[in-house]
J.: 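Structure provided below as structure tokens; questions to follow.
We number each residue from 1, following the sequence as shown. First listed ligand is number 1; within each ligand, the first listed atom is number 1. Just so it is clear, the structure is predicted and the values come from calculations on it, not from any experiment.
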Amino acid sequence: MTTRREVPGIRPYDGPAGGWGALRATAQAVRTQMENIEAPITLMRTNQPDGFDCPGCAWPDKEHKSTFQFCENGAKAVTWEATTKRVTPEFFESNTVSSLLQRTDYELEDLGRLTHPLVYDRATDKFRAVEWEDAFARIGEVLRGLSSPDEAEFYTSGRASNEAAYLFQLLAREYGTNNFPDCSNMCHEPTSVGLPQSIGIGKGTVSLDDFDKTELILSIGHNPGTNHPRMMGTLHECSRRNVPIIVFNPLRERALERFADPQSVFEMATFASTRIASTYFQLDAGGDAAALKGIMKALLQMDAEQGNTVLDHEFIATHTQGFDAFAADLEATSWDDIEKASGLTREDIDEVAIAYAKSNATIVTYGMGITQHNKGTANVRLIADLLLLRGNIGKPGAGICPLRGHSNVQGNRTVGITEKPSATFLKQIEDVFGFKPPAAHGHDAVQAMQAMIDGTAKALICLGGNFAVALPDSEQCFPAMGKLDLSVHLGTKLNRSHLLVAKETYVLPVVGRTELDIQATGRQSITVEDSMSMVHASSGKLKPASEHLLSEPAIVAGIAKAALPNSKVAWSELVADYDKIRDLIEQTVPGFEAFNARIRVPGGFRMPLPPTERVWPTPSGKAIFSVYGGVKEDADVFGAENVLRLITIRSHDQYNTTIYAMDDRYRGVFGRRDVLFMNEDDLAARGLEHGDLVDIETISASRQRSLKKITVIAYNIAPGSVAAYYPEANVLVPLDFIDKESGTPSYKSVPVHVVRSAQA
Ligand SMILES: Nc1nc2c(c(=O)[nH]1)N[C@H]1C(S)=C(S)[C@@H](COP(=O)(O)OP(=O)(O)OC[C@H]3O[C@@H](n4cnc5c(=O)[nH]c(N)nc54)[C@H](O)[C@@H]3O)O[C@H]1N2
Ligand SMILES: Nc1nc2c(c(=O)[nH]1)N[C@H]1C(S)=C(S)[C@@H](COP(=O)(O)OP(=O)(O)OC[C@H]3O[C@@H](n4cnc5c(=O)[nH]c(N)nc54)[C@H](O)[C@@H]3O)O[C@H]1N2
Ligand SMILES: [Mo]
């Protein structure tokens, strides 16, 4: 191999994921954010029976009462919120919004916790403190003045509790709209749309116990070492039981190769580690559909050759529908197309099919590598198809396992955050509250932004999140925020969406997950639902970051009382005692029977998951095979040559748009984020070298989109695929480049050209 030139901040990381590096990084996270010793104590209370739920990810905990589970990125999420840094009215007094917009996303949040409710003052171009009651009164007044409730958009980011989210949807529905853009629309919407079509419910079917019994794991398009770190403990255990773990990912992700469990005294003491992937297939970005179809085609063939012993024919006959059309589609798909579109060989695919045929209980885990494509929903259904072929749903050790995003994104949906509510839910709301909620479907995230760009949306209320930065096409979305009459942000820390001010803008600071929430009847707890449908209580213990904070339920109620003077909802009573919110959830949402009693049991309870008992809540009562049609996940780019598919990814030091620090340790990137990962052959084909400056240009018939002067680095990534960090690369993603079934942006498959930057 030729010696590579030195590129600042780029050096190979040879260790396993986890291990001492993770402990060091945790210590660093505590040191930079906390001045006192409260931090370690706070961390110890994460995911404990009487503590708070980790705001990091939605991976469950063993009965939620295990000994402290170490997790580096959970620690970062907690210290980032429990930081001792503050951004006060005095700070805003000496900094204009225009000047703050010059700061990076990292610098903005690193200013610390918001301490006071703020209103934007156009005359001075500054935020200043405002009284809560004045803020509520004015927000209510603007909302009451809109010509239609559908001119307002109610955005939810998945960190909100069930209680806050339930009140939020109640506010919007009594006000008169179903405009519920939410972070799930950018994330697992293909799961929420695709799985109900296949198995009747839009949630995963496995529990942690299933991982104890599984015989094979297929891990597709997710990066648990960074995004679901507590899952690494589970994968580590499975690997040590010699369960094969077959990974499909265009990038070599270190944690999927080797992991040292910081809980393991032996591994820590001996610097040993455990292999995670038994086989690692670096397929092309957008190649999963072809690979999955290939595996299933091979299975059908094996079944025919081996006297119908490979598929679970009894299960297929009793429990499913649509097999013939599905099989015909596989028949019509050529091996040539499968190999070309996946980037894998027939032998690779046969190998997986043989392993799958051998396993009596298989789990498929998947993330954004599956959902964020033009055919994300159809992709999710292919995974269900694969499992159905051998009866791998509703059997111990087997099932489908979507890795959810935000810690309560699944719960938010369960309690009514959806732009397409069911008639039954609306009827329940009407019966219990005595007002008629709107039936017309509302906007999802992309549609809400499109309405803002058109000027038809006038107000945006955000329950958390960083709406404009999380969405694609920043050049269109950022200015659209400024066209609104009103934007309101409930948040813990300052971010760019807050600064993209509307005619009137309020930033309302909330009590965080780690903090004590005291209301009229005393200390409150909230509830969340994890990726495996376990609902449990969470209550913070730290003193709130400022005495001026309000809880999310209190703020939603404050806005509601001002916007709906004749409301049928007893807002103040609900805020005084969250048990009363839970009683209402119980009365209006199925599955929450004896809600308050059951969350008082350590570990909480599981929401109903009929497919785990082989009950399929589809219209026909059967699980349904899909017909994919072709092998392409993403639209063809006709006439363009040298096309690369851009994947946008998270670094190890990042939580969505929150940048904790500038390193991406496992990928060997330190102190910077302005890089493009590219395969050596693709570099050579373009006459480029490791470390060159390049421009990335989106191939699209509409407006030109480019990101200039990015350092290209040689990386172990599938040829034809390149990767860059989100949110910086969002300028390259067209807003209408979506999965039409779910509305989810295709952040993982943007067709681009990469060219050498012009000399300065
Ligand atoms: N620390 C931390 N934790 C998080 C988050 C965070 O930002 N930081 N975000 C939270 C949220 S909201 C979410 S949704 C989850 C996200 O968790 P993930 O789903 O793991 O999200 P990504 O980082 O987008 O990583 C996707 C992985 O898919 C791979 N990939 C990309 N394209 C393809 C493809 O076409 N096929 C295949 N097979 N693989 C592909 C990428 O190489 C990468 O390894 O994590 C949650 N947890
Ligand atoms: N290019 C590209 N774009 C993507 C993705 C991608 O993979 N690639 N992933 C998409 C995905 S999966 C998602 S989920 C979205 C994420 O979209 P969002 O959920 O909108 O974004 P976050 O970055 O998680 O939001 C961070 C902000 O939330 C606020 N916050 C933090 N904690 C709390 C709290 O407890 N309460 C309240 N009220 N506010 C709080 C803080 O003010 C912080 O600035 O981004 C999407 N965008
Ligand atoms: Mo997400």
J.: Would you please write out the protein residues whose heavy atoms approach any atom of ligand 1 to under 4.0 angstrom, listed by chain and number?
T.: N73, C187, I220, G221, H222, N223, T226, N227, H228, F248, N249, P250, L251, E253, L283, A285, G286, D288, G367, M368, G369, H373, G405, H406, I647, I649, R650, Q654, Y655, N656, K748

J.: Quick one: does N495 get an N or O within less than 3.5 Å of an N or O on ligand 2?
T.: yes

J.: Heavy-atom contacts with Y155 under 4.0 Å: which atoms of ligand 2 show up? List them by number with element.
T.: 17 (O), 18 (P), 19 (O), 20 (O)

J.: Using a strict threshold of under 4.0 Å (side-chain N to carboxylate O), is an ion pair present between E81 and K76?
T.: no

J.: Which of the numbered atoms in ligand 2 are below 4.0 angstrom from a heavy atom of G464?
T.: 37 (C), 38 (N), 39 (N)

J.: Consider every N or O of L463 and every N or O of ligand 2, then say whether any pair is closer than 3.5 Å.
T.: no

J.: May I ask you to check if ligand 2 and L494 share an N or O to N or O distance below 3.5 Å?
T.: no

J.: Would you call the rings of F677 and Y715 parallel, tilted or perpendicular if under 30° counts as parallel and over 60° as perpendicular?
T.: perpendicular

J.: Answer side chain, backbone, both or neither: which part of T492 comes under 4.0 Å from ligand 2, heavy atoms only.
T.: both

J.: Between K85 and D110, does at least one N-O distance fall below 4.0 Å, as a salt bridge requires?
T.: yes

J.: Do E163 and Y166 have side chains that approach each other closer than 4.5 Å (heavy atoms only, starting at C-beta)?
T.: no

J.: State yes or no: are the ring centers of H498 and F467 separated by less than 6.0 Å?
T.: no

J.: Regarding R413 and E529, does a basic nitrogen lie under 4.0 Å from an acidic carboxylate oxygen?
T.: no

J.: Just distances here: any N/O of E81 and N/O of ligand 2 closer than 3.5 Å?
T.: no

J.: Is ligand 2 less than 4.0 angstrom away from at least one heavy atom of R513?
T.: no

J.: Could R252 and E257 be called an ion pair, given the rule that one side-chain N must be under 4.0 Å from one carboxylate O?
T.: yes

J.: E552 heavy atoms, cut-off 4.0 Å: which ligand 2 atoms fall inside?
T.: 34 (C), 35 (O), 36 (N), 37 (C), 38 (N)

J.: In terms of side-chain geometry, is the basic nitrogen of E515 or R113 positioned less than 4.0 Å from the acidic oxygen of its partner?
T.: yes

J.: Do NZ/NE/NH1/NH2 and the carboxylate oxygens of D473 and R705 come within less than 4.0 Å?
T.: yes

J.: Is R513 paired with E552 through a side-chain N to carboxylate O contact shorter than 4.0 Å?
T.: no

J.: Using a strict cut-off of less than 4.0 Å between a Lys/Arg side-chain nitrogen and an Asp/Glu carboxylate oxygen, indicate whether R645 and D284 qualify as a salt bridge.
T.: no

J.: Heavy-atom contact under 4.0 Å between V733 and ligand 2?
T.: no

